[in-house]
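Report on the following structure.
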Amino acid sequence: MRQLLIIFYLTLTASWTFAQKLHPDSIYMLPDVRVSASKIVTYSAGQKVESIDSTLISGSGNVGLGELLYRNSSLNINRYNLNGLNLLSVRGTTSSQSSVYWNGFQLNPPNNSLIDLSIIPANYFNDISILYGGSSSLYGSGNIGAGIHLNNKPVFKKLQYLSFYNSIASFHEYSGNIKAIYANPKWYFKTQVMGRKAQNDFRYKSLEGEYENFANAALRQKGFMQDVFRNFKGRNISGISLWYQENDKEIPATLTSKPADADQKDRSLRGVLSSKQFIPKGFISAKLAVFNDYEHYIDPDSLQVLEIDSEIETTRIQGEVSMNKQISKSTMFDAGVELIHLTGKSVNYAQQINQQQAGIYLLISQRFLQNKWVANLKMRQDFNTDFTMPFTPSLGLEGPVINNLKIKATVSKNFRIPTFNDLYWIPGGNSELKPETSWNQDIGLLYKTDTASRIDFYSELTAFNSMVDDWIMWIPDGALWSPLNIRRVWARGIEATAKSNVSFGKVKAGIMANYTYTRSTNEKKLYDNDPVYQKQLIYIPKHRFQLSLNLVFAYWVVGVDQSYTGERYVSADNTESMEGYLLTNMYVQKSLIFNNDRLILKAEILNLLNEEYQAVLYYPMPGRSYSISIQLIIQ
Amino acid sequence: MKNSLNTISRLMLLAFSMFLLYSCAKDEDTPPVSTTDFSEGIFIVNEGLFPSGSGSVTWFKMDGSDRTPKLFEKSNNLLPLGNLAQSMTIINNDGFIVVNNANIIRAVSLKTFQQKGAIEGINLPRFIVNTGDGNAWVSSWDNKVFVFDPEALTVQGEVSTGTGPEKMMKVGEALWVLNQGGYSIDSTITIIDINARQVSQTVMVYPKPTGIQVDENGNVWVMCSGHGWNGWPASGDSRGHLVCIDPSDYSILVDLEFPETDQHPEKLEINAGGDELFYIYPGGIYKQSIASANLELAKIMNHANGFYSLDFDSKNDVIYATDAGDFQQDGWVYRFQTTGTLIDSLQAGVGPTDVCIGN
């Protein structure tokens with residue numbers, strides 16, 4: 001064990017290779033296809049899939065997923081303040097139109113479908129992939145903008161790994177985690193514990209121009225994740241993943257409102273049980289997930305009638321059985337059934353909400369032209385006790401045009417069902433709502449150098465287009481706000497990505513650049529001279545740019561990343577907007593090697609240029625700040 | 001190798017130039033100080049973008065020309081008014097703007113609209129009434145009304161009320177405070193002796209009183225909206241009532257009941273003559289003669305979206321009604337004659353909620 005002085009993330013990349021070698025007899029390997037992989041890998045031909053570099057994930061300490069993605073992908077994330085609500089907004093859609101999955105199950109709670117990326121520690125997972133565009137044919141409701149897939153994948157090889165991480169950052173942030181892995185060809189155990197505490201009392205400029213310390217913004221987080229997997233001689237892999245997370249977040253005031261005293265306490269307990277039985281040329285997968293989310297919001301600030309004390313509890317119980325099989329040298333299919341039971345309890349609902357859902361799907365992957373081209377035909381029909389659900393087909397195609405240049409294209413039907421709040425909130429809930437539906441099209445070009453070439457270069461250019469109908473919005477009628485299927489939104493744009501790894505003698509350089517242009521406009525006139533007609537949706541920047549560079553030499557790493565978020569409109573008629581902002585971060589990391597153990601020291605400067613900015617109107621953000629961390633890895 | 005270096009250096013250059021570009025583009029242009037005298041005009045108080053935006057004041061000349069949006073910001077070095085502007089009241093030559101969710105009352109010179117000072121710390125303030133004795137009163141969702149000196153901007157005292165006090169009116173030497181209910185419901189009017197600064201009477205009416213006026217006979221009319229939401233029936237809903245109260249003994253002289261439990265009347269204004277009442281009811285503006293023994297339900301103006309607030313210019317006998325839209329874009333203020341004939345419409349800011357007529 002001790003001689004395995006390899007970086008943790010390398011073991012994870014190795015797990016892929018290992019997975020492929022696991023069943024050399026039972027599976028006929030197609031070029032480039034990992035038969036044991038999840039459906040996102042096998043059945044996403046034609047779509048843009050971005051994997052977050054595993055070194056970035058493992059080196060992210062206790063940083064929230066929102067921060068990691070904001071700095072390292074083209075995703076637009078609306079960050080309400082430091083460690084505040086982080087909401088996704090991908091390809092011109094709203095946060096509830098994209099979903100986050102853990103081991104294949106949706107984390108978005110059914111009450112509001114919103115997932116706060118700031119309180120999901122990114123380094124819990126060893127695989128983070130973003131499936132851009134619509135993916136309802138794979139995952140059902142809530143996949144109009146994108147899906148973010150977080151996975152815990154086991155490795156069945158001899159491995160003992162123990163890591164202790166601690167960091168101190170500006171604004172009284174203290175954070176730590178412990179990670180332990182024990183694995184052998186039969187078993188895989190991984191235990192993770194995290195804790196994080198921050199005052200977030202950064203200095204900001206009040207509207208009157210005075211510098212003050214940000215108040216009531218503290219965060220306390222505790223989390224635990226456990227994976228246990230068993231490999232039965234390569235014929236079956238079964239396991240359980242458990243995740244408990246507790247967050248206590250103070251809800252700060254905005255610049256324009258009175259001092260706040262509100263606080264939100266959340267806890268989530270999630271478990272996924274999975275079993276994959278390998279059969280000749282395929283596998284049968286059975287999974288069961290039980291998620292329970294509890295949210296408690298308290299605003300004691302005011303007296304009697306003004307006190308808000310609101311509890312919401314939601315549960316998801318979901319079972320899934322599927323079979324993936326290769327039926328010829330060039331054809332593979334996956335057929336599956338999902339059953340979902342959702343419940344919701346809140347004082348704002350008349351009674352406990354129960355909703356049953358089911359989904360059946362058939363995914364076909366066909367290779368042709370010497371197996372170089374892949375076409376995916378996906379069909380899915382969902383059922384729900386509350387609505388008629390649309391049939392969601394999808395067709396994707398990709399293949400090489402010349403040499404290393406690949407073309408991708410996809411067209412898909414997608415949808416999102418209304419949330420419990422949309423349907424049942426008292427007052428205002430509208431049980432007559434229909435699901436939002438969309439048609440999405442993507443076309444892309446991908447250039448990748450041969451793996452053997454000295455310079456590793458990857459570039460992808462994608463144009464996307466989608467039309468979302470029956471878009472749900474809460475509209476006031478006097479003092480009563482009610483949701484209606486009122487808008488039609490046309491979202492389109494361009495995404496450009498380039499990544500390269502180059503060596504200059506002993507120095508290795510990695511560079512990544514992303515640019516996104518997004519137009520997302522209202523296409524339905526609600527009345528003559530509707531000032532919102534053909535106007536850009538609020539908080540969707542037309543331009544977003546992200547760049548990162550890192551240099552590795554000896555045991556040093558130096559990295560710089562920059563992200564620019566362009567002007568965003570804050571009023572629906574586009575008369576008011578917020579200016580763009582550029583954030584620059586920089587870090588230096590040094591690894592010290594003691595026999596087989598390592599000590600990693602990292603110092604980071606965030607918002608290096610001390611940009612004064614707001615991401616969301618009147619929510620101040622901090623200027624330059626610092627963090628240092630130390631990680632001890634024993635192997 | 002050389003090629004890739006070129007690519008990288010080009011990318012770096014692009015990033016650097018973008019940085020420069022955006023660093024340069026950041027200078028804010030401070031507007032020149034206006035020479036306009038704003039005191040003769042219309043001040044529209046706009047709540048602001050929901051949920052975190054800042055309120056604003058849109059100014060118009062009386063004839064509807066010469067619009068100045070964001071008047072407060074422009075006159076005060078771009079200082080935003082604050083979250084959820086609620087109302088504006090003129091006392092002498094000053095304007096008092098109540099910014100509800102910022103716990104602030106800003107006092108401005110009406111002429112220049114520059115801030116003279118502010119009263120801070122009153123929790124969720126709502127409306128102001130000038131009692132003409134050198135004092136003014138402000139209602140607060142802390143279930144209190146506060147008396148303050150509008151010159152010195154100092155709070156002089158407080159009186160406890162019912163739940164969620166909102167609109168108030170000076171009737172004789174008393175202050176009538178409508179207890180609308182805040183997040184819950186109340187059905188009372190707190191009557192305060194403004195000299196003694198204490199409650200003299202609590203009058204029971206119907207749930208959710210939202211408007212108060214004094215008619216030509218000196219009687220007090222109160223609009224009780226009733227419990228519930230328009231078009232969203234639920235258990236516990238109650239009908240609206242328009243009641244007329246004799247201020248000498250608080251007896252109810254007239255009690256007009258509305259027909260539906262899920263259609264609620266709101267607000268109350270009265271014409272200059274003091275004999276015709278106006279209120280908002282689903283679908284538009286309705287009127288009621290004070291002499292009529294029955295509820296007339298006479299619609300004078302149709303507006304499908306519904307109006308958010310109602311005000312009256314008694315100098316010119318003009319009704320002002322606001323359409324706040326979806327609080328995500330500029331709303332509108334409509335001006336009507338008392339017959340319901342539309343005079344014109346004025347483009348307000350986001351979420352117009354109160355109209356204040358200048359001197």
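In what follows, every chain begins at residue 1, and chains take the letters A, B, ... in the order their sequences are listed.
Distance OG1/A:T575 to NZ/B:K70: 7.5 Å, rounded to 0.5 Å. A distance of 15.0 Å separates CH2 of A:W474 from CZ of B:F327, quoted to the nearest 0.5 Å. Rounded to the nearest 0.5 Å, atoms CG (A:L207) and OG (B:S54) are 7.5 Å apart. One distance of note links CG of B:N101 with OG1 of A:T254; it measures 7.0 Å at 0.5 Å rounding. Rounding to the nearest 0.5 Å places CH2 of B:W232 at 5.0 Å from CD1 of A:I426. Considering CD1 of B:I104 and OG of A:S257, their distance stands at 11.5 Å, rounded to 0.5 Å.
For B:K267, no part sits under 4.5 Å from any heavy atom of chain A, backbone or side chain. Heavy atoms of A:E576 lying under 4.5 Å from chain B belong exclusively to its side chain.
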Output side-chain donor-acceptor pairs under 3.5 Å for residues 345-354 of chain B, partner residues at least two apart or in another chain, one line each.
| from | atom 1 | to | atom 2 | distance (Å) |
| --- | --- | --- | --- | --- |
| B:Q347 | NE2 | B:D330 | OD2 | 3.2 |
| B:T353 | OG1 | B:E47 | OE2 | 3.4 |
| B:D354 | OD2 | B:M88 | N | 3.0 |

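With a 6.0 Å radius and a threshold of 12 heavy atoms from other residues, nucleotides or ligands, A:K448 has its NZ atom at or below the threshold.
Counting heavy-atom pairs closer than 4.5 Å to chain B, the top-ranked of the candidates A:A350, A:A253, A:P476, A:P427 is A:P427. If you tally non-hydrogen atom pairs under 4.5 Å between each of A:S482, A:G209, A:G429, A:P531 and chain B, the highest count goes to A:G429. Note: A:V532 leads A:V532, A:I475, A:L255 in heavy-atom pairs under 4.5 Å with chain B.
Although no hydrogens or angles enter the test, the distance criterion places no donor-acceptor pair under 3.5 Å between the side chain of A:S571 and the main chain of B:Q329.
Between A:L480 and B:N230, the shortest heavy-atom contact is CD2-O, 3.7 Å.
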